[in-house]
Amino acid sequence: MVRIFQDMESLSQAAAEQFTVLSRQSISICGRFSVALSGGSTPHRLYQILANAPYRERIHWDAVHVFWSDERCVPEDDPRSNARMARQVLLNLVPIPAENVHPIQCNLSPQDAAFQYEKELREFFSRQNPNFHLVLLGLGENGHIASLFPHTSFLNEQERWVSEVYIPELDMHRVTFTAPFINQASHVVFLVSGLDKAEVLEKVLEGPYQPHELPAQLIRPNGTHPLWLVDKAASQKLTAQNTEEDLYTEESMPD
Ligand code: 6PG
């Protein structure tokens with residue numbers, strides 16, 4: 001499902017509503033809400049909105065558990081750190097218990113950080129199915145998601161939940177969820193904004209299936225389709241058949 005919004009603001013508002021509704025449903029059913037946050041710049045506005053009224057009060061933060069679908073292997077005080085951004089914009093501003101925030105340990109080597117994070121996830125999901133209630137993802141201009149980049153070794157991974165990867169074009173190590181682990185999630189929501197994403201979004205959604213070129217095509221949560229929340233600029237090249245034009249603007253958003 002592709003839902004198109006007028007702009008980043010209305011897209012982020014809709015994502016905040018989705019996050020809040022899923023959190024309340026999950027907590028009422030199984031007593032907790034497990035979410036994997038995305039990195040990059042696109043979710044920044046969503047995190048800001050969740051840290052403020054009315055969402056800050058509507059979410060039962062004491063039952064929310066936060067993980068990351070990927071991280072850059074930099075110290076947490078590095079401006080490139082996904083955990084640092086989410087803490088500054090959201091987690092430090094809401095009443096979530098410190099033990100419910102599960103960052104990737106980037107003070108370790110990439111291999112050890114990936115191994116440690118998988119161990120932590122297996123313990124966290126030890127008493128239930130290893131499926132996140134919600135995994136948030138962005139889309140890179142080259143079709144990467146989380147840190148699953150085109151033509152990288154872990155795209156074929158079937159066993160591991162978390163892997164370390166070196167990205168030559170960024171000269172950076174990263175730790176990332178693998179596609180099979182993401183696909184165990186109950187809900188996967190992509191946030192995609194801006195004209196610079198229009199070409200890749202069209203290829204991912206309407207082009208031939210070539211997951212090594214476009215890792216985003218690997219994402220099929222439980223065999224279904226993820227939800228794509230995109231703004232009008234990013235949807236420029238999409239043909240209408242499988243899109244739903246919400247075209248909500250700030251004013252027309254339901255309270
Ligand atoms: C990261 C992300 C990555 C991101 C895309 C889109 O750590 O960078 O997890 O997969 O979602 O690169 O990034 P933007 O939102 O900044 O365009």
Side-chain angles (χ1 to χ4, degrees), residues 1-3 11-40 42-43 45-51 54-71 82-83 85-87 89-91 93-104 117-139 145-146 148 160-162 175-192 216 218-229:
M1 164 55 78
V2 180
R3 294 181 60 195
L11 179 163
S12 303
Q13 292 284 349
E17 190 60 31
Q18 189 86 20
F19 184 108
T20 305
V21 168
L22 284 175
S23 76
R24 296 170 71 91
Q25 282 171 356
S26 311
I27 292 166
S28 65
I29 295 165
C30 58
R32 70 183 190 183
F33 174 59
S34 56
V35 57
L37 299 182
S38 170
T42 307
R45 181 64 188 130
L46 163 63
Y47 300 159
Q48 282 180 324
I49 292 168
L50 291 173
Y55 298 103
R56 186 179 187 283
E57 288 69 32
R58 288 178 59 201
I59 297 168
H60 302 299
W61 294 101
D62 60 327
V64 175
H65 282 266
V66 169
F67 291 79
W68 278 264
S69 51
D70 79 320
E71 183 61 277
N82 290 334
M85 185 272 270
R87 284 188 194 279
V89 176
L90 171 60
L91 302 171
L93 310 175
V94 296
I96 188 168
E99 62 273 21
N100 287 19
V101 178
H102 308 265
I104 295 170
Y117 208 49
E118 179 156 341
K119 187 164 167 289
E120 185 173 354
L121 285 159
R122 287 184 185 275
E123 278 156 19
F124 179 78
F125 287 118
S126 58
R127 284 180 299 285
Q128 66 170 92
N129 294 341
N131 54 355
F132 274 95
H133 293 114
L134 175 62
V135 173
L136 292 171
L137 294 174
L139 176 66
I145 52 106
L148 296 173
R160 292 179 63 178
W161 292 3
V162 183
V175 171
T176 182
F177 284 1
T178 58
F181 183 54
I182 294 171
N183 283 334
Q184 294 185 48
S186 306
H187 300 276
V188 175
V189 175
F190 279 94
L191 307 182
V192 185
L218 290 168
I219 304 307
R220 288 275 186 282
N222 298 305
T224 65
H225 289 286
L227 173 62
W228 294 82
L229 302 181

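Shortest non-hydrogen contact noted between P221 and A185 is CB-O, 3.7 Å. Shortest non-hydrogen contact noted between N131 and Q184 is CB-O, 2.6 Å. The two atoms that bring P103 and R87 nearest to each other are CG-NH2, 3.4 Å, heavy atoms only. Heavy-atom minimum distance, S69 versus L137: OG-CD2, 3.9 Å. Here the shortest heavy-atom pairing between L37 and V66 reads CD1-CG1, 3.5 Å.
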>> Please determine whether side-chain contact (heavy atoms from CB on, under 4.5 Å) holds for the pair V175 and D70, giving the CA-CA distance in whole Å, both sets of side-chain angles, and the decisive distance to 0.1 Å.
In response: CA-CA 5 Å; V175 171; D70 79 320; over 6 Å; no

>> I'd like to know whether V64 forms a side-chain contact (heavy atoms from CB on, under 4.5 Å) with V35, so could you lay out the CA-CA distance, the side-chain angles of the two residues, the decisive distance to 0.1 Å, and finally the verdict.
In response: CA-CA 8 Å; V64 175; V35 57; 4.2 Å; yes

>> As a quick check of understanding, evaluate side-chain contact (heavy atoms from CB on, under 4.5 Å) for N183 and N222, giving each step before the final call.
In response: CA-CA 6 Å; N183 283 334; N222 298 305; over 6 Å; no

>> With side-chain contact (heavy atoms from CB on, under 4.5 Å) as the criterion, how do V188 and H225 come out once you've worked through the C-alpha distance, each side chain's angles and the decisive distance to 0.1 Å?
In response: CA-CA 8 Å; V188 175; H225 289 286; over 6 Å; no

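Not counting sequence neighbours, R32 has no partner by the salt bridge (Lys or Arg N to Asp or Glu O under 4.0 Å) test. Not a single salt bridge (Lys or Arg N to Asp or Glu O under 4.0 Å) links R24 to another residue, sequence neighbours left out. Checked against side chain to side chain contact (heavy atoms under 4.5 Å, CB included), P180 has the following partners two or more places apart in sequence or in another chain: Q158, T178. Scanning for side chain to side chain donor-acceptor pair (under 3.5 Å) contacts around H65 gives H102, with sequence neighbours left out. Applying the side chain to side chain contact (heavy atoms under 4.5 Å, CB included) rule to S34 yields the partners F124, F125, F132, H133; only residues at least two apart in sequence or on another chain are considered. Shown here are the side chain to side chain donor-acceptor pair (under 3.5 Å) partners of R45, two or more places apart in sequence or in another chain: E9, Q48. The side chain to side chain contact (heavy atoms under 4.5 Å, CB included) search around A16 returns L46, I49, L50, Y55, not counting sequence neighbours. Residues passing the ring pair (Phe, Tyr, Trp, His ring centres under 6.0 Å) test with W161, sequence neighbours excluded: F181. The salt bridge (Lys or Arg N to Asp or Glu O under 4.0 Å) check on E123 picks up K119, with sequence neighbours excluded. The salt bridge (Lys or Arg N to Asp or Glu O under 4.0 Å) test applied to R56 returns no partner, not counting sequence neighbours. Contacts of S38 classified as side chain to side chain contact (heavy atoms under 4.5 Å, CB included), with partners at least two apart in sequence or in another chain: P43, Y47, L136. Partners of R122 according to the side chain to side chain donor-acceptor pair (under 3.5 Å) rule, which considers only residues two or more places apart in sequence or in another chain, are E118.
For the pair V162/L121, a side-chain contact is recorded, criterion being any heavy-atom separation below 4.5 Å from C-beta on. In this structure, I104 and N82 have side chains that are not in contact, with every pair of non-hydrogen atoms separated by 4.5 Å or more. Looking at L191 and W228, their side chains never come closer than 4.5 Å, going by heavy atoms from C-beta outward. Residues Y117 and F177 are in side-chain contact: their nearest non-hydrogen atoms beyond the backbone lie under 4.5 Å apart.
Checked options V2, T42, V135, I219; the residue passing with F190 is I219 (criterion: side chain to side chain contact (heavy atoms under 4.5 Å, CB included)).
Within the 6.0 Å centre-distance limit, the rings of F33 and F19 are counted as a close aromatic pair.
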